[in-house]
S.K.: 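My structure is below; once you've seen it, I'll send some questions.
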Amino acid sequence: MAVAIPTLTPLQETLWLTLCGRALDNRLPHPILGDEMADEIVRAVDYDYEKLHIPSASAIFIAHRAKKLDEIAQRFIARHPDAIGLDLGAGLDSRALRITPPPTADWHDVDFPEVITARQRLLPERARPHDIGADVLDPAWLEALPTDRPAVIVADGLIAFLSEEEMSSLVDRLIGHFPSGEIAFNGYSKFAVWAQKHAAVGKNVVNVAKFPGLDDPREPERWNPRLKLVKEILMTREPEVAEFPTALRLLTRLSAPSAALSRKGNVILHYRF
Ligand SMILES: C[S@@+](CC[C@H](N)C(=O)[O-])C[C@H]1O[C@@H](n2cnc3c(N)ncnc32)[C@H](O)[C@@H]1O
């Protein structure tokens, strides 16, 4: 029997797109991420992913960006075993399972309370070390976290649903709270935001999206003077492209030499403070 979960708002329901994307990647002969837990959850709730019309290229891009964010978190925690890890707008993602932080680090997944209830019903305890049920824009949840440990903060698919002012004040609060750390999230260019509005896939996402798009990776440095760009990761140039199915690999390699073209697609923005 399928597991019952709370009724989700359209904004919360966007978690299915990324979860199903990772599940579909896992079913490919050569998965980019290999997120078995995502696949298990989709099967456990018997979610009708076909209604989302996720092309295999989109599933691969979703899995690819999750992998890059995992790597950033893993590298940071390897350098700072006492780190606080935060996944903002975590949905039903089981990142902690993939990155396996040591017991000295504390990994927190933040999302709305209804989503956290769904996590508790669907994810095993080892996949959700600390769940925080809150609106990320509410300053109260952050105040409960230690202020004396370095933090690695990732947000996969969240920024699309915040205005630029909301994102910049969230980043400002995070930087004010922790002594040092890194922040990484998937960026959307203005073109990507425009294209999403006209794409067949992800209509449910477009209706609740707010972010206007970001063309200059240095723009967030203006959100807080301590924020410095580490790297704009143009995914077209990442080694996993070699594992893409042939047509997608060739197309991706065609756009790789041009930063402008690459920015129209999947990008990870990585900062330190
Ligand atoms: C596209 S989903 C991505 C989920 C997850 N990161 C993943 O990769 O599967 C966006 C998530 O952000 C959450 N979200 C959006 N706005 C939020 C807010 N203001 N506070 C907390 N969570 C939020 C939604 O509930 C949803 O789970």
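One-based numbering, in listed order, for ligands and for the atoms of each.
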S.K.: When you check the gap from the basic side-chain N to the acidic O, do R263 and D215 get nearer than 4.0 Å?
M.R.: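 Looking at D215 together with R263, the answer is no, because their closest N to O distance does not fall below 4.0 Å.
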
S.K.: Got more than 12 heavy atoms from elsewhere within 6.0 Å of CD, E240?
M.R.: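 Atom CD in E240 is packed in, count exceeds 12.
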
S.K.: Checking salt bridge (charged side-chain N to carboxylate O under 4.0 Å, His left out) between E182 and each of R272, R226, R79, R75, which is the one that passes?
M.R.: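 With E182 as partner, R272, R226, R79, R75 yield a single salt bridge (charged side-chain N to carboxylate O under 4.0 Å, His left out), made by R79.
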
S.K.: Based purely on interatomic distance, does F161 place a nitrogen or oxygen under 3.5 Å from a nitrogen or oxygen of ligand 1?
M.R.: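 No, F161 has no N/O under 3.5 Å of an N/O on ligand 1.
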
S.K.: Would you say R22 has any N or O atom under 3.5 Å from an N or O of ligand 1, going by distance alone?
M.R.: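 Checking ligand 1 against R22, an N or O pair does fall under 3.5 Å apart.
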
S.K.: With respect to D135, determine whether any N or O atom, backbone or side chain, lies less than 3.5 Å from an N or O atom of ligand 1.
M.R.: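 There is such a contact, yes.
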
S.K.: Please state which option from V208, D156, V136 has its nearest heavy atom closest to atom 20 (N) of ligand 1.
M.R.: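 Closest candidate by heavy-atom distance is V136.
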
S.K.: What do you reckon, is NE2 of H30 surrounded by more than 12 foreign heavy atoms closer than 6.0 Å?
M.R.: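 12 or below, so no.
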
S.K.: Considering heavy atoms of the protein only, find what lies nearest to atom 15 (C) of ligand 1 and give residue, atom and distance to 0.1 Å.
M.R.: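 Heavy-atom neighbour on the protein nearest atom 15 (C) of ligand 1: L158 CD1, 3.5 Å.
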
S.K.: Charged N to carboxylate O below 4.0 Å: is that the case for D35 and R98?
M.R.: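 Salt bridge: yes.
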
S.K.: Which atoms of ligand 1 sit under 4.0 Å from any heavy atom of G157?
M.R.: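 Every atom of ligand 1 under 4.0 Å from some heavy atom of G157: 1 (C), 10 (C).
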
S.K.: Looking only at protein heavy atoms, which one is nearest to atom 4 (C) of ligand 1, and how far off is it?
M.R.: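 Minimum-distance protein heavy atom for atom 4 (C) of ligand 1 reads G89 O, 3.3 Å.
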
S.K.: Between A90 and ligand 1, which part of the residue brings a heavy atom under 4.0 Å of the ligand: side chain, backbone, both or neither?
M.R.: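 Only the backbone of A90 comes within reach of ligand 1.
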
S.K.: Specify side chain, backbone, both or neither for A134, according to which of its non-hydrogen atoms lie closer than 4.0 Å to ligand 1.
M.R.: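 Within the 4.0 Å criterion, A134 contacts ligand 1 through backbone atoms alone.
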
S.K.: Determine, considering heavy atoms only, which of V154, L69, D111, L8 sits nearest to atom 26 (C) of ligand 1.
M.R.: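 Looking at heavy atoms only, D111 sits closest to atom 26 (C) of ligand 1.
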
S.K.: In terms of relative ring orientation, are F244 and H64 parallel, tilted or perpendicular, with 30° and 60° separating the classes?
M.R.: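 F244 and H64: perpendicular rings.
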
S.K.: Is it true that R95 and D93 have a side-chain N and a carboxylate O under 4.0 angstrom from each other?
M.R.: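 Yes, charged N to carboxylate O under 4.0 Å.
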
S.K.: Which protein heavy atom lies closest to atom 23 (C) of ligand 1, and at what distance to 0.1 Å?
M.R.: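 Atom 23 (C) of ligand 1 sits closest to the protein heavy atom F112 CE1, 3.3 Å.
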
